[in-house]
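Fair warning: this is a prediction, and the values are worked out from it, not measured in the lab. As a basis for the values below, the full set of heavy atoms in this structure was taken, side chains included, without hydrogen atoms, waters or symmetry mates. A note on names: the letters A, B, ... follow the listed sequences, proteins ahead of strands, and every chain is numbered from 1.
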There are 2 protein chains.
Amino acid sequence: MIALSTARAATPAFFAEAAAASSLADGAAPVTLTHHLQTIQSYGARQHYSRNETIFNQGDEAGHVYRIVDGTVRLCRHRPDGRRYVVDFLLPGDVIGFVESPDQPVSAEAVTEVSLVAFPRACFDRLARDSAEARKQLLCHMSESLLSAQQHLFVLGCQKATERVASFLLRLAERLDVMSGERMDLFMSRQDIADHLGLTIETISRSITALRSGGLILIPNAHQIIIRDLVALRTLAAEG
Amino acid sequence: MIALSTARAATPAFFAEAAAASSLADGAAPVTLTHHLQTIQSYGARQHYSRNETIFNQGDEAGHVYRIVDGTVRLCRHRPDGRRYVVDFLLPGDVIGFVESPDQPVSAEAVTEVSLVAFPRACFDRLARDSAEARKQLLCHMSESLLSAQQHLFVLGCQKATERVASFLLRLAERLDVMSGERMDLFMSRQDIADHLGLTIETISRSITALRSGGLILIPNAHQIIIRDLVALRTLAAEG
DNA sequence: CGAAGTCTTGAATTCTATCAATAGGGGTGG
DNA sequence: CCACCCCTATTGATAGAATTCAAGACTTCG
């Protein structure tokens, strides 16, 4: 029942939007869902959460749409038996809960200090109702999410431990706009990464060590990495 | 960048839509994307494909939206090194390629004999532009796809081989509306299932054997199964 | 009826998880 | 400001699960 396709062209713009708050000035079309949300900025309530605080729980009524201003959020599914799956990490500029829905299908938790803007569902719906452009961006955004999920399905379905870690680091670097050779912060814990990649914390640790030993990355400290050999890393990840 | 939520209420209707061609008569609201497509049925071209025939390839221009009338389709990503990932299987009533996109992010291949209706992208877009209701259904449909993908991420990320197979069988039974005790056709090959669940063909075979040995299912033949102990199967799948 | 392809089953190998212990880092309180 | 403690990460050894390699059985189709 899946079926999809994607607005690939929208990807770069979406990734870049966190930085381009002023937007619209720099050439191409970085108009995204986030920009449309800014037109209703005044209706949004600024909220702050501290580390590991819950923003909303799976099953909660989905009364708001959130735009992350600062910090990192993890979306996860918790299970009765304690198992947890981290669906994705969200970064500044990302939007959560953008679909008509009676309740939240996942929980959202602050990985770091987080500040975000919460828009009442009604405002969001009104925006979508009144603006064809906003609607289009909403569809693009959902396509992005779907493509992203499918890409990750491939990672979980086909790749080995070290390949998964390589894919994870590459995607994170892309989203954070961190260049090869620059330090990249890993705000999430090894456990978070493990639950996102379907591995254990020990395997994550060993994979990272293996990448370091192979000279693909540098590790100034446990929560920063530097991509040293981008080509080799990409070959490993081999995103087909 | 994920973020999502879902129109859970839309699920049953969507699953049921394949059967409810006349629809709209039976009480609740089985109005879905498919029904809206039927309003532009006359613009669609009926097409037929035989087993293993390609409907479109990854990277092809996305010029059409397809509604499956009969048969089973697999969406997959092929990789240079031969690895393949089956994103999902599509059944009668399902819609493919419903998002603004320059090209197809996955390939679509006929698992069985397939007949479908192909709508020009422009017709589909016009429908979405002119009908608020159709737009809403489109969003619900995408939400469904996204939730489905996320559910599957959980399966690949957290579950063991036998649990994955149990989840797969349960979801298939639900979608095909096959009751416990009834025969269910498995149109796809073990290899298809393996590539969908991130396992090997041998492991699929062993898992199915294990489920049979445990009395959870019966296997009249290699391409049919009967769910014998629904509760135990659900416990195994443990979809949290 | 025979052949090709698919599925099942078995044995050995490989990868990851699990169990266990140590090391490192950050925060708190003295 | 430093020492201590707790939490997190790393590393090692072992066990377990799935893959791989290999062979045989069953279907299906010509």
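Computed from coordinates, the A/R83 CZ to C/dA17 P distance equals 13 Å when rounded to whole Å. Atom CD of A/E202 is separated from atom C1' of C/dT18 by 7 Å (rounded to the nearest Å). Whole-Å rounding puts the A/I225 CD1 to D/dA9 C1' distance at 16 Å.
Every side chain to side chain contact (heavy atoms under 4.5 Å, CB included) that A/T203 has, sequence neighbours left out, goes to A/A161, A/L199, A/T200, A/S207. With sequence neighbours excluded, the residues that form a side chain to side chain donor-acceptor pair (under 3.5 Å) with A/Y85 are A/H152. Residues satisfying the salt bridge (Lys or Arg N to Asp or Glu O under 4.0 Å) criterion with A/R84, sequence neighbours excluded, are A/D192, A/D195. Considering only residues two or more places apart in sequence or on other chains, B/Q224 meets the side chain to side chain contact (heavy atoms under 4.5 Å, CB included) condition with B/R183, B/D185, B/P220, B/N221. By the side chain to side chain contact (heavy atoms under 4.5 Å, CB included) test, B/R234 pairs with B/L170, B/L230, sequence neighbours left out.
For residues 154-169 of chain B, the set of pairs meeting the salt bridge (charged side-chain N to carboxylate O under 4.0 Å, His left out) definition, not counting sequence neighbours, comprises A/R83-B/E163. The stretch residues 197-220 of chain B participates, sequence neighbours left out, in no salt bridge (charged side-chain N to carboxylate O under 4.0 Å, His left out) pair at all. Each salt bridge (charged side-chain N to carboxylate O under 4.0 Å, His left out) pair with one or both residues in residues 56-69 of chain B, not counting sequence neighbours, would appear here, but there are none.
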Please list each protein N or O that sits under 3.5 Å from an N or O in nucleotides 27-30 of chain D, with the distance.
none

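Less than 4.0 Å separates DNA chain D from at least one heavy atom of each of the following residues of residues 204-218 of chain B: B/R206. Within a heavy-atom distance below 4.0 Å of DNA chain D, the residues of residues 182-200 of chain B found are B/G198, B/L199, B/T200.
The two residues B/Q47 and B/A118 make their nearest non-hydrogen contact at NE2-CB, 3.7 Å.
No donor-acceptor distance shorter than 3.5 angstrom exists from the side chain of A/R171 to the backbone of A/S148, with no hydrogens or angles considered.
Overall, the helix from C/dC1-D/dG30 to C/dG30-D/dC1 carries an axis bend of 40° between its ends, with five pairs at each end and the value rounded to 10°.
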